[in-house]
Amino acid sequence: MSVNPSAAREAVLSVRNLRVQFPSQKGLVNAASGVSFDVFPNEVVGIVGESGAGKTVTALAALGLLPRSARVSGQVMFRGRNVVGLDGDGARSIRGSEIAMVFQDASAALDPLRRVGRQIAEAITTHHRDVSRNAVRARVIELLAQVGIPNPETRARQYPHELSGGMRQRATIAMAIANGPAVLIADEPTTALDVTTQAQVLELLRRVRELTQASMVLITHDLGVVAGVADRVVVMYAGRVVESGTVERIFADPRHPYTQGLLASLPRVDDEVGRLTRIAGQAPSLVELPSGCPFHPRCPYGRLPDPCASELPDLRPVSSDHLSACHFAGELGQPRPVEGRNVKRGTTPSTGADPILEVRDLKKHFPVRTGLLGRARGHVHAVCDVSLEIRPGETLGLVGESGSGKSTTALLALGLLDPTSGSVQFRGTDLHSTTRSELRVLRRSMQLVFQDPFATLDPRMTVGASIAEPLKIHRLYREGGHERVRDVMNLVELNPDDADRYPHEFSGGQRQRVGIARALALGPQLLILDEPVSSLDTSIQAGIINLLADLQNELGVAYLFIAHNLSVIRHISHTVAVMYLGRIVETGSRRDLFGHPAHPYTQALLSAVPIPNPELERRRHRIVLAGDPPSAVNPPSGCRFRTRCWKAEDLCAEEEPALVDRGQGHPVACHFPTAPSEHQGFTG
């Protein structure tokens, strides 16, 4: 197999023909099949691919963290020493000292029963037993300060649950760099983080690289993250490297259909991409890989049956420092889109239609109870004076960081929570002044799609039974319920013959389609979608976004679409509302808000979204917000954003800005909003 033809520099980490297999009841799982790549000094290598591609397994093999049942062969050479097969002491001498890892889930990586400082100290004393306790304590404080955690002395004495998600991720980075490793492996370090926290972590990784001069392996499924951070990219599929090269070459001229499909499936915050191009089918089973090229059953070029279906392509040079494992790498054109129903994205609904959902001055404050008697010691100001309108066939995108009040607003809009004050009207009826029986009837027309379909589907029920359950609850199943289940499964592009299967037998994207089918079973006029694509791979996400656009065009259903990913919001929404700490700070049409953001918070959100264009990503102006949002129990006086705003003046602390229309239906809650000519947004 050909390997990276990079320059004559000596690699600090060199992976050669790495194979990892796991025994299972169905046979051997080929998690990594002949993986080869190099990591050079002070270089960032991005490893990208869908879930199950073999990215994390490769990293764990380099650290000797695979379970004993794993069958590992090949080489992982660190400074001329093969770390594969090292015994316990040999592996521990390298792990954490020479090669360190930042894990995806900081909450799982940190021991909840031990203080953060003691866990970082353990990483130091494991490799430096002769260091004094005072020196270790000073080093812990220094590390926490280096990764940007405020009040490091206090934070070191706290437990993981007392830190925010971003702080916990920073603490794991501090632990990883404690011994000055030569290679830092970051496994999905920004997954599930807010876009602003993601920007903080990426900026931190850049600073860590400059500070430590360490090489970095960045594992991610977000190609925008790779574009702004990596020097070279390794694309993996079904346990194999299918393409590698410099980040500029991979993004400008991808030479493998899978890489092309990943790039084409991305919704973009900087461009109106139209209908997304999704990759057909699903990733193959790692127990029974297809013959020939493992990607050929999903390949849009259809070069079958020979040689794609019969001959496994080698990873060969396409040009200088650019490798591709495709028989036709030199002949590829643009990827062909896999269409759904061949319908175009709908235009903005008529503003003359009456709103289907109307929220006015909505407030929800939750009491904070303490002590044995549970007395209220304050209130969480979750939603404050929120007003929204959604018209038939319209999508309102609701964006903001975690804790901004988006999901609480959704529950209030469904009548699942009682407001402290304000009103919610659905088709002219106030939900919170109706009787229970009247509300039950109204809820047929209002349905919710959750973020995690696996957690919301009963694992003991077949998917057909889950879809039928709303019909049975509303006593509508006897009149054609079986046919209705088949109809909605067809509608979401699932095979009705699979209705007798259980949720665990479906992929993540298919389970989300089941959740959408369940919500559509009663024929609703409004769907509230709470982060419906945030946990999905990029290519699967594209299919769900296309499906939602198709359903809206066919059924005329309205959406309240909640997300923290502004790329997705731009692609699917007609109008957008931005929330911060319980308040709406800016609203407007998609074109106005993305083209001319006027509130500093909106500008910061947009600038934090990665763009899958290395040249543009590296020269664009980025606003990195400091710290975390304030507590909703004791929000700042005046403007709630002022503690993180670079424009803040005395007026901002004294007077709360009203949400005022600055022209053309674009209200902004800011004392010093940016005029359209002052800030360049993303047009289109």
Side-chain angles (χ1 to χ4, degrees), residues 104-107 164-169 188-203 220-225 228 266-270 382-383 386 388 395-411 448-452 512 528-538 540-542 544-545 548 559-573 575-587 590 593-594 597 599-612 622-625 627-629 632 640-641 644 682:
Q104 175 177 345
D105 187 350
S107 297
S164 67
M167 284 189 185
R168 286 194 293 269
Q169 191 62 285
E188 298 277 9
T190 61
T191 297
L193 296 179
D194 289 319
V195 65
T196 52
T197 307
Q198 173 182 273
Q200 292 172 0
V201 171
L202 292 177
E203 183 63 28
T220 181
H221 64 267
D222 190 331
L223 280 87
V225 169
L266 284 173
R268 296 179 60 135
V269 73
D270 63 321
V383 176
V386 167
L388 299 169
T395 299
L396 171 64
L398 189 59
V399 299
E401 295 168 292
S402 298
S404 62
K406 306 185 300 297
S407 295
T408 303
T409 300
L411 296 176
L448 180 62
V449 177
F450 295 93
Q451 176 177 350
D452 185 356
Q512 192 59 285
I528 295 179
L529 303 113
D530 191 359
E531 300 275 9
V533 297
S534 63
S535 61
L536 302 177
D537 284 322
T538 303
I540 300 172
Q541 173 183 277
I544 298 297
I545 292 172
L548 291 172
Y559 297 148
L560 174 58
F561 194 99
I562 298 171
H564 65 265
N565 187 330
L566 276 84
S567 301
V568 173
I569 287 290
R570 174 169 187 174
H571 186 83
I572 200 168
S573 300
T575 57
V576 182
V578 182
M579 284 192 78
Y580 183 79
L581 210 62
R583 291 190 177 277
I584 300 292
V585 298
E586 186 169 6
T587 64
R590 180 183 72 249
L593 192 135
F594 281 87
H599 196 283
Y601 180 58
T602 310
Q603 295 167 13
L605 289 178
L606 287 172
S607 74
V609 179
I611 298 174
R622 188 180 296 279
I623 302 169
V624 180
L625 293 179
D628 298 307
R640 297 188 174 193
F641 184 63
R644 305 169 78 191
F682 297 113

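Please read all numbers here as calculations on a predicted model, not as lab measurements.
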Test your reading of the model: is there a side-chain donor-acceptor pair from Thr408 to the backbone of Gly405, 3.5 Å cut-off?
no
Compare all side-chain heavy atoms of His564 with those of Thr196 and state whether any distance is below 4.5 angstrom.
no
Exam field: side chain Arg640 to backbone Leu581, donor-acceptor pair closer than 3.5 Å:
yes
So Thr190 and Asp222, side-chain contact (heavy atoms from CB on, under 4.5 Å) or not? Walk me through it.
CA-CA 9 Å; Thr190 61; Asp222 190 331; 5.7 Å; no
List the steps and the verdict of side-chain contact (heavy atoms from CB on, under 4.5 Å) for Val386 and Arg583.
CA-CA 6 Å; Val386 167; Arg583 291 190 177 277; 5.9 Å; no
What verdict does the side-chain contact (heavy atoms from CB on, under 4.5 Å) test give for Met579 and Val399, after you've listed the backbone C-alpha separation in whole Å, the side-chain angles of each residue and the deciding distance to 0.1 Å?
CA-CA 6 Å; Met579 284 192 78; Val399 299; over 6 Å; no
Would you please say whether a donor-acceptor pair under 3.5 Å links the side chains of Thr575 and Arg590?
no
I'd like to check Ile623 versus Gln603 (side-chain heavy atoms, cut-off strictly below 4.5 Å). Are they in contact?
yes
If you define the side chain from C-beta out and look only at heavy atoms, does anything of Asn565 sit under 4.5 Å from Val195?
no
Between Leu396 and Ser573, the two heavy atoms sitting closest are C-OG, 4.4 Å
How long is the straight-line distance from CG of Leu223 back to CD1 of Ile611, given to the nearest 0.5 Å?
13.5 Å
Return the CG to OG1 distance between Leu625 and Thr197, rounded to the nearest 0.5 Å.
9.0 Å
Using modelled atom types and a 3.5 Å cut-off, is there a donor and acceptor pairing between side-chain atoms of Gln169 and backbone atoms of Ala106?
no
Which atom pair, heavy atoms only, marks the closest approach of Gln512 to Ile544?
CB-CD1, 4.2 Å
Between the CG atom in Leu529 and the OG1 atom in Thr395, the distance rounded to the nearest 0.5 Å is 8.5 Å
How long is the straight-line distance from CD of Gln541 back to CG of Leu536, given to the nearest 0.5 Å?
7.0 Å
Hey, what do you get for CG (Leu548) to NE2 (His571), rounding to the nearest 0.5 Å?
10.0 Å
Considering non-hydrogen atoms only, spot the tightest contact between Lys406 and Leu398 and give its length.
CD-O, 3.6 Å
To the nearest 0.5 Å, what is the distance between CG (Leu560) and CG (Leu388)?
7.0 Å
Under the side-chain contact (heavy atoms from CB on, under 4.5 Å) rule, what do Val568 and Val533 come out as? Steps first, then yes or no, please.
CA-CA 9 Å; Val568 173; Val533 297; 4.1 Å; yes
Glu531 side chain to Gln451 backbone, donor-acceptor under 3.5 Å:
no
My understanding is that only one of Leu606, Val578, Thr602, Val576 makes a side-chain contact (heavy atoms from CB on, under 4.5 Å) with Leu566; could you say which?
Leu606
When you measure from the side chain of Asp530 to the backbone of Phe450, do you find a donor-acceptor pair of N or O atoms at a distance under 3.5 Å?
no
In terms of heavy-atom contacts, Glu401 and Pro629 come closest through OE1-CG, 3.5 Å
Minimal non-hydrogen separation, Ile528 against Ala410, with atom names:
CG2-CB, 3.6 Å
Indicate whether the side chain of Glu188 and that of His221 have a donor and an acceptor atom separated by less than 3.5 Å.
yes
Mind listing the closest non-hydrogen atom pair of Ile562 and Pro532 along with its distance?
O-CD, 3.9 Å
Does the side chain of Tyr580 pick up a donor-acceptor pair with the side chain of Glu586 at under 3.5 Å?
no
